[in-house]
Amino acid sequence: MDQQYTPLAQPILYRILDANLDRTREGLRIIEEWCRFGLNSGELAEECKHLRQEIARWHTMTLRSYRNTTDDPGTELTHPQEEQRSGIEQLLQANFCRVQEALRVLEEYGKLYHPDMGSTFKQMRYQVYTLESRLLAHQRHKVLQNSYLYLVTSPGEKLFAIVEAALQGGLTLVQYRDKNSNDETRLKIAQKLCQLCHRYDALFLINDRVDLAVAVDADGVHLGQDDIPIQLARQVLGPQRLIGRSTHSPEDMKRAIQEGADYIGVGPVYETPTKAGKAAAGLEYVSHAVKNSTVPWFAIGGIDMNNFDDVMATGCERVAVVRSIMNAEQPTLVTQYFLSQLHRVRNLRSHKVLPS
Ligand SMILES: Cc1ncc(COP(=O)(O)OP(=O)(O)O)c(N)n1
Ligand SMILES: Cc1nc(C(=O)O)sc1CCOP(=O)(O)O
Ligand SMILES: [Mg+2]
């Protein structure tokens, strides 16, 4: 039987357009507030505002006059997930999704309303996809900039409990490093750790494995000197994810920065059983990083509470550790101790009590 098509009644069309214009404007406003107050990014906030204003031009009095909230069954419908957000990332993601869906509705139904509306809203939807990528990248760089302590994990039964304890102590940067498990296990662990870190608004990176980073939607990867080139990792990961590179000499550092590393590891400061057989690069190399690194960098290798002051005396302001936290009896307290000391040194330097 041939299907009978009837033209969409004008009041229905107008209500659909009104509701979705509202939805996009509200969602963009929520995103804009984070760009402005959370990220301090005038540029991103301005882009949201500009989009909102363009959308407002289509939101005419005529369309608004068809609003009938009391008879709209949709106002009662909420998903339990809307009542709960585990962190800012989830909140932003939910609102981007809402805006993109509403823009798609406007694109399709708009074609029945005005000859230009479909193409205009299609363009806007792509603009919002780009905005989402840029905002995510900005967000990740901001957390990285504000991270002074980096936990590189080691495998063990208490892995999740230790990472969570450290996150409770204020840790904001975690790397999953696991040299021996099979890929099925690695994938499961990485998924769980990623969710855990994101619940605390911390960054989650994966050692060595670009594929796993994509699979679990991690914030980035850490690559050693023997791993794939940064440029190739960037092609796979896109511009919005972070790439870290280990460096052991001034030449490594120069190359990693030139190749576009978002941060670098500087070490091993001391010989360490975590990387047995690797010679120490020493405090001299840390001092070189103080003077020459133009990207955030983390001193790594054998750092603990006993030698922490010596490392900081070079002018270093960020450290990465494995055993100091993974083997600690009280990982929350150790994390808090490291963070408070790192903060204290920065404060003393900014008040010129210590040389910077
Ligand atoms: C922050 C940080 N710095 C250095 C390393 C070491 O990476 P790599 O040289 O690739 O050695 P492995 O960790 O893969 O054994 C790191 N993981 N993190
Ligand atoms: C994983 C790693 N990379 C290093 C480097 O110098 O690139 S040193 C290191 C091990 C750090 O472990 P711990 O804090 O237990 O000494
Ligand atoms: Mg590696």
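Whatever order the structure lists ligands and atoms in, that order sets their numbers, starting from 1.
Close to ligand 1: Y150, with a non-hydrogen atom less than 4.0 angstrom away. Contact annotation: M326 has no heavy atom less than 4.0 Å from any atom of ligand 2. The closest approach between a heavy atom of V321 and any atom of ligand 2 is below 4.0 Å. In this structure, K278 has no heavy atom closer than 4.0 Å to ligand 2. Residue contacts with ligand 2: G302 is included, with a non-hydrogen atom under 4.0 Å away.
Atoms of ligand 1 lying under 4.0 Å from any heavy atom of K179, numbered from 1 in the order shown and given with element: 12 (P), 14 (O), 15 (O). Those atoms of ligand 1 that come under 4.0 Å of a heavy atom in D227, given as number and element, are 10 (O). Heavy-atom proximity to V322, at under 4.0 Å, picks out these atoms of ligand 2: 11 (C), 12 (O), 13 (P), 14 (O), 15 (O).
In this structure, F204 and Y176 have parallel ring planes: the angle between them is below the 30° cut-off, well short of the 60° mark.
Between T272 and ligand 2, at least one N/O pair is under 3.5 Å apart. Residue G224 has at least one N or O atom closer than 3.5 Å to an N or O atom of ligand 1.
Contact of the E132 side chain with the V128 side chain is not registered, since no non-hydrogen atoms from C-beta on lie closer than 4.5 Å.
When heavy-atom distances to ligand 2 are checked against a 4.0 Å cut-off, K275 comes that close only through its side chain, counted from C-beta outward.
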